[in-house]
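It should be emphasised that the depicted structure is a prediction, and the values quoted were computed from it without experimental measurement.
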Amino acid sequence: MGDGRVATPWKYMAATAVLWGSAFPAISVALEGYPPTAIAVLRLATAVLLLLPCLFTGRISRLRRGDAVRMAAFGVSGMTAYQLLLYAGERHVEGGTAAMLVSTSPVFATLLGMVFLRERPGPRGITGLLVALGGALLVALAGGQGGGSLQGMAMIVLAAAAQATSFVLQKPLLRRYSGMDCIFYGSLFGLVPLLAFVPRAAGQVAAAGWQQSAAVFWLGLGCTVLAFVTWSRVLTAAPASTSSLVLYAVPVAALGLDAALLGSVPKPMACVGGVVVLAGVAIAALRRTAPRRVAEGGPRRTDAARRTPSAV
């Protein structure tokens with residue numbers, strides 16, 4: 001396996017960043033024909049249906065009864081709450097700005113890790129948190145044209161906090177389950193609170209335009225399932241310090257795709273704030289690049305895997 005980890009998987013890293021970054025303009029398009037609840041229902045249902053054959057063929061592990069509650073909490077926080085808050089916020093905030101605000105999720109993950117997992121970020125970690133939060137404030141202050149409403153930004157920051165909560169819940173699960181396992185079961189449990197909206201979502205498919213429906217389908221296929229495939233290749237071939245670059249590239253990809261596909265360009269202050277956010281997250285992440293002990297009897301898990309969203 002040593003030789004297989006020499007080459008840096010740049011093409012898979014680039015593909016993952018583009019796939020996750022494409023979620024933000026796709027959400028903007030989908031919102032033109034669907035409400036947030038319908039997008040969440042259809043995206044999660046698409047992911048579950050696409051991954052269901054993997055469960056029957058054994059590529060997805062059976063869920064242990066003792067892990068059901070934690071996996072359900074992971075799904076509700078990381079899939080249901082995160083998606084609903086993000087979609088509602090992106091009604092008032094363009095995709096590129098939303099991506100920059102979502103990139104604060106590692107900040108919340110670190111804070112939650114300090115409280116619930118007794119992790120100690122150290123001086124470098126604290127400095128990174130403060131820098132990232134300062135960048136988020138700059139993005140919020142941009143406001144107005146190219147920035148979006150403060151209410152929409154607040155919902156996206158709450159979405160980042162919900163995603164961070166799912167990171168903390170997912171971390172112990174990754175000792176026993178793969179990323180594909182977590183995506184499948186997380187999406188399945190994430191659908192449960194939305195079951196009441198399924199009939200309405202199904203009815204809205206006929207009323208929506210093909211562009212909006214295609215965007216929703218892409219969220220399930222490209223931004224969830226395909227992104228997992230490319231991300232798993234990255235984790236297999238690259239160390240944490242290298243694979244974490246994908247997380248920093250997602251907002252850049254989102255900004256580029258948002259400008260190219262939708263013609264939306266954030267205000268300069270929002271762009272500066274986004275760069276500051278990424279710099280803060282990078283500073284905090286540098287402390288995690290040292291080698292860590294591999295869990296006994298388990299597969300190699302990088303810190304980047306534990307910090308990575310299951311679905312953007």
Engineer: I'd like to check I156 versus V102 (side-chain heavy atoms, cut-off strictly below 4.5 Å). Are they in contact?
Structural biologist: yes
Engineer: Under a plain distance cut-off of 3.5 Å, with no hydrogens placed, do S213 and Y34 share a side-chain donor-acceptor pair?
Structural biologist: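 Judged by distance alone, the side chains do pair up.
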Engineer: Who pairs with L55 by side-chain contact (heavy atoms from CB on, under 4.5 Å), at least two apart in sequence or on another chain?
Structural biologist: L52, I60, R62, F184, Y185
Engineer: Measure the shortest side-chain to side-chain distance between S28 and E94 over non-hydrogen atoms and say whether it is less than 4.5 angstrom.
Structural biologist: no
Engineer: With side chains defined as the heavy atoms from C-beta onward, is the minimum distance between T165 and F74 less than 4.5 Å?
Structural biologist: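 A side-chain contact under 4.5 Å is absent here.
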Engineer: So do the side chains of L194 and V198 get within less than 4.5 Å of each other, counting heavy atoms only?
Structural biologist: no
Engineer: Are any of the side-chain heavy atoms of Y177 and R64 separated by less than 4.5 Å?
Structural biologist: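 Yes; the side chains approach each other to less than 4.5 Å.
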Engineer: Any side-chain heavy-atom pair from R91 and P36 closer than 4.5 angstrom?
Structural biologist: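 When only atoms from C-beta onward are counted, P36 and R91 do touch, with a gap below 4.5 Å.
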Engineer: Can you find a pair of side-chain heavy atoms, one from T224 and one from W20, that are under 4.5 Å apart?
Structural biologist: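 No. Closest side-chain heavy atoms not under 4.5 Å.
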Engineer: Which pairs would a plain distance check flag for residues 255-262, meaning a side-chain donor or acceptor within less than 3.5 Å of a matching protein atom at least two apart in sequence or in another chain?
Structural biologist:
unit_1: D258; atom_1: OD2; unit_2: G95; atom_2: N; d: 3.2
unit_1: D258; atom_1: OD2; unit_2: G96; atom_2: N; d: 3.1

Engineer: Just so I know, are the side chains of W231 and L226 near enough to count as touching, which here means a heavy-atom distance under 4.5 Å?
Structural biologist: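 SC-SC contact between W231 and L226 ruled out.
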Engineer: Quickly, which of L31, L101, T97 forms a side-chain contact (heavy atoms from CB on, under 4.5 Å) with E90? Name it, please.
Structural biologist: L31
Engineer: Please walk me through it: do W218 and S22 pass side-chain contact (heavy atoms from CB on, under 4.5 Å)?
Structural biologist: CA-CA 9 Å; W218 176 251; S22 69; 2.9 Å; yes
